[in-house]
Amino acid sequence: MKHVTILGSTGSIGRSALEVISRCRDRFKVVGLTAKNNIELLEEQIKAFNPEIVAVADETGALQLGKKLGIRVLSGDSGVAEVASYNKADFVLSAIIGFAGLFPTLSAVRAGKTIGLANKESLVVAGEIVMKDAGKAGAKIIPVDSEHSAIFQCMEGRSKEFVKRIVITASGGPFLGKRSSELNKVTIEDALKHPNWDMGKKITIDSATLMNKGLEVIEAHRLFGFSPDMIDVLIHPQSIVHSMVEFKDRSCIAQLSVPDMKGPIAYALTYPERLDDPMPFLDLTAVGKLTFQKPDTGCFPCLLYAYEAMKEGGTMPAVLNAANEVAVNGFMQNEIGFNDIPVVINNTMRLHERKPVVDIDTIVEADRWAREKAEDYINKVRS
Ligand code: MG
């Protein structure tokens with residue numbers, strides 16, 4: 001019986017994970033759950049899975065839920081950290097979105113857990129620290145991001161020294177093929193209509209700008225240690241090939257499945273074993289054809305900014321990420337247009353003097369600085 005904790009259980013990945021687990025109650029026992037502020041859903045999850053330890057990041061929400069259920073609900077950052085490092089968990093699914101997932105992920109890493117990592121931002125902003133601490137504590141990181149799960153699966157039993165390059169695929173999002181001028185007036189609703197994947201809002205907007213792919217490029221660089229020039233991106237609108245590894249002999253190994261996050265979640269949960277039918281069967285005759293094209297970085301420059309931040313290293317990826325979080329939030333609040341998102345990021349990066357990452361405080365400071373600059377810029381645009 002594997003004892004599982006889910007950080008961010010009310011989000012899209014958290015819900016999918018509980019769906020997988022609910023079908024294999026003989027293999028998994030949920031011991032810990034955390035949520036940001038969706039206490040209604042968390043309450044349902046507590047009743048269905050009976051965890052031993054629960055935390056709500058929002059203090060008021062934690063109090064409300066504790067009173068209602070008559071149980072102890074931990075709260076705030078320290079409460080979430082306590083759940084992340086809970087000693088009875090064998091496996092921690094890190095599924096909190098954005099920079100907020102960094103410290104909970106680090107708590108699980110430092111407690112030496114096996115971690116299913118869906119929070120890509122923790123590797124983007126603090127990859128050096130996360131990977132070093134994982135090595136020290138003996139924590140194992142299994143990627144849950146579908147592209148990284150694909151690369152992880154393609155690399156299984158194979159040596160990195162024979163890899164020529166990796167190719168990360170991208171659906172292209174809802175605005176694939178549009179011209180930049182056509183993107184000036186797109187709405188939040190347009191941006192949230194992802195053609196293939198059913199995901200949370202922030203990541204869906206990131207997919208529309210191609211920043212999601214940019215963050216994933218940095219994530220792959222940190223997770224697998226491939227140099228920036230070994231990482232390529234291809235647009236693949238059908239989202240069937242989730243990524244591929246090209247070896248030195250020019251042989252390519254790819255991983256294919258229907259686009260369903262339950263696949264990579266189940267793989268991380270059961271690795272190195274494989275679960276029976278966590279997602280629908282891939283009917284290639286129904287898909288018909290698989291197509292690939294180069295990304296249009298003129299229209300979607302966020303991908304270029306991510307490559308730049310990856311090559312610069314130090315605090316630059318943290319600045320890229322923070323500016324993006326602020327810009328996406330500004331777009332969702334209707335404060336800026338879709339095409340302003342890359343402008344906010346680019347502007348913030350130009351103002352930043354890159355520093356080497358000494359410790360986690362360097363990252364926190366760079367994140368804070370970038371948020372302030374990005375917000376200043378948005379306020380200027382609006383006034
Ligand atoms: Mg992905």
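For the numbers below, each heavy atom of this structure counts, side chains included, while hydrogens, waters and symmetry mates do not. This one's a predicted model, so the numbers in the text were calculated from it and none came from an experiment. Counting convention: from 1, in listed order, for ligands and their atoms alike.
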query: Between S149 and H242, does any side-chain donor sit less than 3.5 Å from a side-chain acceptor?
result: no
message: Side chains of H194 and S171 only: does a donor on one sit below 3.5 Å from an acceptor on the other?
response: yes
query: Just checking, any donor-acceptor pair under 3.5 angstrom between side chains of E216 and H148?
result: no
query: So, K164 side chain and D249 main chain: donor-acceptor pair closer than 3.5 Å or not?
result: no
message: Return all protein N, O or S atoms below 2.8 Å from the Mg ion (ligand 1), chain by chain in residue order.
response: D145 OD1, E147 OE1, E216 OE2
- prompt: Does a salt bridge link D232 with R165, judged by any charged N lying under 4.0 Å from a carboxylate O?
  reply: yes
- request: Classify the angle between the aromatic ring planes of F292 and H236 as parallel (below 30°), tilted (30 to 60°) or perpendicular (above 60°).
  value: parallel
